Amino acid sequence: MCGQVGIIFGRKRRRPDERDYLCELFIRMLLHSEERGPHASGLAWLKTDGSHRIFKRPMRAHELVYEKPFQELLGQVDNETTVLMGHTRWRTRGNELNNRNNHPIRAGIVIGTHNGTIYNADYLFRRLGLPRYAEVDSELIFRLADRFAPEGPIDQEGLKKALALCRGQMSAVLASRLDPGTITVLKGNKPLCLRIHRQHRVVLYASEAAFIDFAVDNEKGWRELEVPPMTMLTIRHEDVRAIENSEFRFIPQERKGTLPEGVNA
């Protein structure tokens, strides 16, 4: 169990006070998300020119937010920022003291976060000949996306075919540094809630709706995006309202060693 929170920014000239407010929403969601992952936490942002920054540490979110690099990174969020990703990690595989295992993860040109476990990750790394720099199974998702982004944009049909080989649980948010205006959201068999605000021109996402409720504190204008499981969303910086969605598949499995859903003994 891990927590994912973040903001997907649409193109808009925001005044500093609005940017500060949205960053405050991010902090609130991240802090509330700590209950889903106390072992490590982190954030990343991506901008329209492909620049990015990642800061993550093996510490609770309530400690991370007071770290100088965290505050500096949030202070660098501007009108060119396309996505702000946050993650709170509950260790399953891969010691959090190896910071490569913590999220957000960069794999080639892809940056992302994941909630869930891919039980056949070791096998797929070997079978597909993917590079590996961490112990955590989550890296597989972003290595697959990187493989299907040879010219920058992620080939979503190719990624879907690769994801169909995965066994376990997933919901994830990812983007290519060479196509920073396109954010891919995978809502699989792990929870992920999204809300859009047309005036702010942003989409908030979190592993639990309560995290968003806590952050926005009854501010009007937020509308829930109803997204069924096994959906791939494409959200673009140019217009976050024009959301594309399609089905994707993998092999759902709640625990290692159990039969996948829909398979009888």
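A quick note: this is a predicted structure, and the numbers were derived from the prediction, not measured.
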For this session: Evaluate the criterion side-chain contact (heavy atoms from CB on, under 4.5 Å) for residue pair Met230 and Phe250; output intermediate values, then yes/no.
Result: CA-CA 8 Å; Met230 302 302 189; Phe250 60 98; 3.5 Å; yes
I'd like to check [X] versus [Y] (side-chain heavy atoms, cut-off strictly below 4.5 Å). Are they in contact?
X      : Y      : result
Arg15  : Arg19  : no
Asn120 : Ile251 : no
Arg143 : Tyr133 : yes
Thr182 : Ile154 : no
Arg223 : Arg198 : yes
Arg106 : Arg177 : yes
Arg36  : Phe211 : yes
Phe248 : Leu159 : no

Under 3.5 Å, side chain of [X] to main-chain N/O of [Y], donor-acceptor pair present?
X      : Y      : value
Gln169 : Lys190 : no
Lys161 : Gln156 : no
His103 : His87  : no
Asn102 : Ala40  : no
Glu247 : Met232 : no
Ser176 : Gly152 : yes
Asp239 : Gly10  : no
Ser171 : Gly188 : yes
Thr82  : Gly181 : no
Asn99  : Lys56  : yes

Exercise. Should the pair Lys47 and Trp45 be classed as cation-pi, given the thresholds of under 6.0 Å to the six-membered ring centre and 45° from the axis?
Worked result: yes
For this session: Evaluate salt bridge (Lys or Arg N to Asp or Glu O under 4.0 Å) for Arg57 paired with Glu63, printing each intermediate quantity in order.
Result: CA-CA 10 Å; Arg57 289 291 184 271; Glu63 299 172 303; over 6 Å; no
Under a 4.0 Å threshold between the charged nitrogen and the carboxylate oxygen, would [Y] count as salt-bridged to [X]?
X      : Y      : answer
Glu224 : Arg195 : no
Arg53  : Glu72  : no
Arg236 : Glu244 : yes

Exercise. Hey, what else clusters with Ile196 if you join Ile, Leu, Val, Met, Phe, Trp, Tyr whenever side-chain heavy atoms sit under 4.5 Å?
Worked result: Ile8, Leu46, Ile54, Val83, Met85, Ile111, Val173, Ile183, Val185, Leu192, Leu194, Val203, Tyr205, Leu225, Val227, Leu233, Ile235, Val240, Ile243
Do [X] and [Y] belong together in a cluster built from hydrophobic side chains that touch within less than 4.5 Å?
X      : Y      : result
Leu73  : Met59  : yes
Phe125 : Tyr119 : no
Leu43  : Phe9   : yes
Leu128 : Ile105 : yes
Phe214 : Ile7   : no

From [atom1] ([X]) to [atom2] ([Y]), nearest 0.5 Å:
X      : Y      : atom1 : atom2 : result
Leu140 : His114 : CG    : NE2   : 9.0 Å
Leu84  : Leu22  : CG    : CG    : 9.5 Å
Asn245 : Glu226 : CG    : CD    : 12.0 Å
Gln71  : Phe55  : CD    : CZ    : 9.5 Å
Thr117 : Met1   : OG1   : CE    : 11.5 Å
Gln199 : Trp222 : CD    : CH2   : 10.0 Å

Exercise. Stepwise, does the side-chain contact (heavy atoms from CB on, under 4.5 Å) test hold for Arg201 with Arg241?
Worked result: CA-CA 8 Å; Arg201 296 186 194 174; Arg241 298 167 299 179; 5.8 Å; no
Residues forming a salt bridge (Lys or Arg N to Asp or Glu O under 4.0 Å) with [X], sequence neighbours excluded:
X      : answer
Glu219 : none
Arg60  : Glu34
Arg132 : Asp122

Using residues 26-33 as the side-chain source, report each donor-acceptor pair under 3.5 Å to any protein atom, sequence neighbours left out, with the distance given to one decimal.
residue, atom, partner, partner atom, Å
Arg28, NH1, Ala215, O, 2.5
Ser33, OG, Thr88, OG1, 2.9

State, to 0.1 Å, how close [X] and [Y] come at their nearest heavy-atom pair, and which atoms those are.
X      : Y      : answer
Glu80  : Thr48  : OE1-OG1, 2.6 Å
Ala149 : Ile109 : O-CD1, 3.4 Å
Ile118 : Cys166 : CG2-CB, 4.1 Å
Asn95  : Glu135 : N-OE1, 3.6 Å
Cys2   : Ser207 : O-OG, 3.8 Å
Gly42  : Pro104 : C-CD, 3.7 Å

For this session: Check the pair Leu25, Val202 against side-chain contact (heavy atoms from CB on, under 4.5 Å), reporting the backbone distance first and the verdict last.
Result: CA-CA 12 Å; Leu25 294 186; Val202 299; over 6 Å; no
Exercise. For Tyr21, which residues count as a ring-ring contact (aromatic ring centres under 6.0 Å, His included) partner, sequence neighbours excluded?
Worked result: His200
Problem set entry | Stepwise side-chain contact (heavy atoms from CB on, under 4.5 Å) check, Arg89 with Glu96 | CA-CA 8 Å; Arg89 182 173 179 232; Glu96 70 274 12; 3.8 Å; yes
